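Data block below; observations after.
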Amino acid sequence: MIEIRFHGRGGQGSVTAAELVAQAAINEGKYAQAFPSFGPERRGAPVSAFLRVSDSQIFLREKIEAPDVIVVLDASLIELVDVFSGLKAGGSAVMNCPPHKRKSLMPWNESYRLVTVDATQAAMNNIGLPIANTAMIGALLKGMGLIKLDSFQMPLQTRFGRLAEKNFQSMTQAFHDAQIAEPSGEAPLSSPAQELDFSGIIEKEALMAWKSLALGGDILEPGNSARFLTGTWRMTGKPVFHSDACTKCGLCRLFCPEDAIFRDADEQFIYNEDYCKGCGQCARECPKGAITMEEEAWV
Amino acid sequence: MKADKHLEFEKITAKALPEFEALSPGHRACPGCGEMLALRQALKGLGPNTIVVNATGCIEVVSTPFPQTAWNIPWMHVAFENASAVGSGVEAARRALLRKGRLTDADTTIVVVGGDGGTSDIGFQSLSGALERGHNFIYLCFDNEAYMNTGVQRSSATPEFAWTTTCPLGSASSGKTHKKKDLPRIMAAHDIPYVATATPAHPLDLMNKVRKGAAVKGPAFIHIFSPCPTGWRMPAERSIEIAKVAVKSNIYPLYEVIHGEYVVKRNSKNPLPVSEYFKLQGRFKHLTAQDVRTIQDRVDATMDRLLSYARLSDDTKGRP
């Protein structure tokens, strides 16, 4: 049995990708299961999905804590979520990564086998949209074997109809483009992720026992959602405020759904990077064009 | 606006915006959510002396992922069906306690919040009942025109021809085949003191309408156009723009019904063609020229009707 954990953001199609692989495996006569894990979070929030593929019946039903493979649809997640958590020694990490960022993944290559591909580009070339989930399946197949590329024709047809062919082409391109780097194995096995500080960003999901709940399920602490930093959801850039053009009209603040724009000590408007989800409404609605959305660097 | 004379309330101006925030950040709404934005603005208009009763829906789910909550004011989540009934109960209980002298904060506003599904479909009868009984609360309906929380299923507030996951596009279906339910008109037919329409692209107007709703004695209903980038298939930064275009094209006319008198804001003598509204959204991308003409005719007729109501209201006062 092989256990695979998908990491992506809400809306990127990680859950669909896991389901497609399971469907293709079942069509090949294998056993498979796929299921997602997410809360009430929305588009852009980090989500994960789980996939088991086996030649015999699968009795496990729990989340995958120690995967053989991780598939990361959005490499910017590395800074936000411990995507390598529990990955078995010598396990494979299939990463969506533009070529110029590949070098930044090398520290992880000491312990893990890296399969990298520019899946977003493959999706843009073939589908015309940056939806990289099917391309990432291509890279997964290149890295792991597992299932034949052709077994995806039918599941893709069922799922996407008219768009099935384009998705298949995207998958095929990623299959050919993916590069595999075997672990260098020189360094002791430790996750570089352990050096990153995830505290304060990720609240681990925890079910509370009924005895620890307040009577009636009341929440006694007003506004405690402020502990959840939705700034990790930003995918399309951050707002940059140009104070020379700003007339301090305050419309940006009034048009922010997160209340993530405020005035600093010098009365200049700035954004709160802990909460800004990067929707870009402030930039679009600023009557003076004093706000622009700019790409953020990662890793 | 001359009808303001009928209604005493403290107006909010751009120069003196309230600092109060009823919601903390960290809520889980999609980037660019027009609904959470409108909610934030509306509650800014009301201030801290507010109790909220919330029907199930996006607002409830994204604001309160248990054991966290974004709410800084008393808030209660109840089912789709009974938000207005619970709001009635809160109002009646408080009235009794005030009468007995066990409560003294007579200025507290009770707000019932629902989406379009919770208002026009599932919670409709309890709302109608509460309005008929005349409970003193404000009902805020955040209309994003489908069941967005569960994945864009059509509601009775989904506009005609719009794509949703339950009225998909294909050989047998090309979007919703039924018209949008005209909620504000139905609410006005209950003869309540205040009904209004508003959008988050007009924040001062929205805040002041909510204030008027709080100032009247008896129920107020405010219908709030709530753009949903996810369900309407448009980029996240377009929520405000789409609301502006909806008003400028008369797709969503801004008006008030104050003690039965219609006050219609006629935004321009030359409204934008409705095609300007449709072309911004993926959910309408399949519309034919004939579909667009059908809607244009209907929008024009609706605006004419609203303006004639406004003139009729004026006539009863003996004005020209």
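For the numbers below, each heavy atom of this structure counts, side chains included, while hydrogens, waters and symmetry mates do not. Please read all numbers here as calculations on a predicted model, not as lab measurements.
If you tally non-hydrogen atom pairs under 4.5 Å between each of G217(A), A283(A), G11(A), C276(A) and chain B, the highest count goes to G217(A). For chain A, the option among S63(B), A70(B), C33(B) with the highest count of heavy-atom pairs below 4.5 Å is A70(B). Per-residue heavy-atom pair counts under 4.5 Å with chain A were compared for L23(B), N72(B), T69(B), and the maximum is reached by T69(B). No other option in R284(A), E221(A), E258(A), R253(A) has as many heavy-atom pairs under 4.5 Å with chain B as R284(A). Ranked by heavy-atom pairs shorter than 4.5 Å toward chain A, the options A22(B), S239(B), P31(B) are led by P31(B). Across I219(A), T230(A), D218(A), the residue that shares the most heavy-atom pairs under 4.5 angstrom with chain B is I219(A). Annotation: maximal heavy-atom pairing with chain B below 4.5 Å, among C256(A), S225(A), C279(A), occurs at S225(A). Considering only heavy-atom pairs separated by less than 4.5 Å from chain A, the leading option among K44(B), M36(B), Q41(B) is Q41(B).
For H223(B) and Y252(B), the gap between ring centers is short of 6.0 Å.
Using a 4.5 Å cut-off between heavy atoms, K244(B) contacts chain A through its side chain alone, with no backbone atom that close. The contact between A201(B) and chain A is made entirely by backbone atoms, counting heavy-atom distances below 4.5 Å. Neither the backbone nor the side chain of R162(A) comes within less than 4.5 Å of any heavy atom of chain B. Only the side chain of L17(B) comes within contact range of chain A, with heavy atoms under 4.5 Å apart. Interface remark: P229(B) contributes backbone and side-chain atoms alike to the contact with chain A (heavy atom separation under 4.5 Å). With a 4.5 angstrom heavy-atom cutoff, L213(A) touches chain B only via side-chain atoms. The contact between P25(B) and chain A is made by backbone and side chain atoms together, counting heavy-atom distances below 4.5 Å. Neither the backbone nor the side chain of A260(A) comes within contact range of chain B; no heavy atom of the residue lies under 4.5 Å from a heavy atom of that chain. Contact of Y275(A) with chain B is made through the side chain alone, with heavy-atom distances under 4.5 Å. Contact annotation for E285(A): only side-chain heavy atoms (C-beta onward) come within less than 4.5 Å of a heavy atom of chain B.
Atom SG of C228(B) and atom CG of D143(B) lie 11.0 Å apart (nearest 0.5 Å). From E165(A), atom CD reaches atom CD of Q157(A) across 8.5 Å, with rounding to the nearest 0.5 Å. In this structure, the separation between SG on C282(A) and CD on E237(B) is 10.0 Å, given to the nearest 0.5 Å.
With respect to K248(A) and E267(A), no salt bridge is recorded, no charged nitrogen being found less than 4.0 Å from a carboxylate O. With respect to the salt-bridge test (charged N to carboxylate O, under 4.0 angstrom), the residues K238(A) and E273(A) do not qualify. Ion pairing between a basic and an acidic side chain is recognised when a charged N comes within 4.0 Å of a carboxylate O; K248(B) and E276(B) show no such pairing.
Contacts of H286(B) classified as side-chain hydrogen bond (donor to acceptor under 3.5 Å, both in side chains), with partners at least two apart in sequence or in another chain: none. Residues that satisfy the side-chain hydrogen bond (donor to acceptor under 3.5 Å, both in side chains) test with E35(B), not counting sequence neighbours, are N144(B). Applying the ring-ring contact (aromatic ring centres under 6.0 Å, His included) criterion to F161(B), with sequence neighbours excluded, gives no partner residue.
A donor-acceptor pair under 3.5 Å is absent between the side-chain atoms of S173(B) and the main chain of G170(B), judged by distance alone.
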| request: Test H7(A) against S14(A) for side-chain hydrogen bond (donor to acceptor under 3.5 Å, both in side chains), laying out the working first. | output: CA-CA 7 Å; H7(A) 292 276; S14(A) 340; over 6 Å; no
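Note: Y147(B) and F80(B) have perpendicular aromatic rings, judged against thresholds of 30 and 60 degrees for the angle between ring planes.
Within residues 109-117 of chain B, no residue approaches chain A closer than 4.5 Å by heavy atoms.
Heavy atoms from other residues, nucleotides or ligands lying under 6.0 Å from CD of E294(A) number more than 12.
Under a cutoff of 6.0 Å and an axis angle of 45°, R28(B) and F228(A) form a cation-pi pair.
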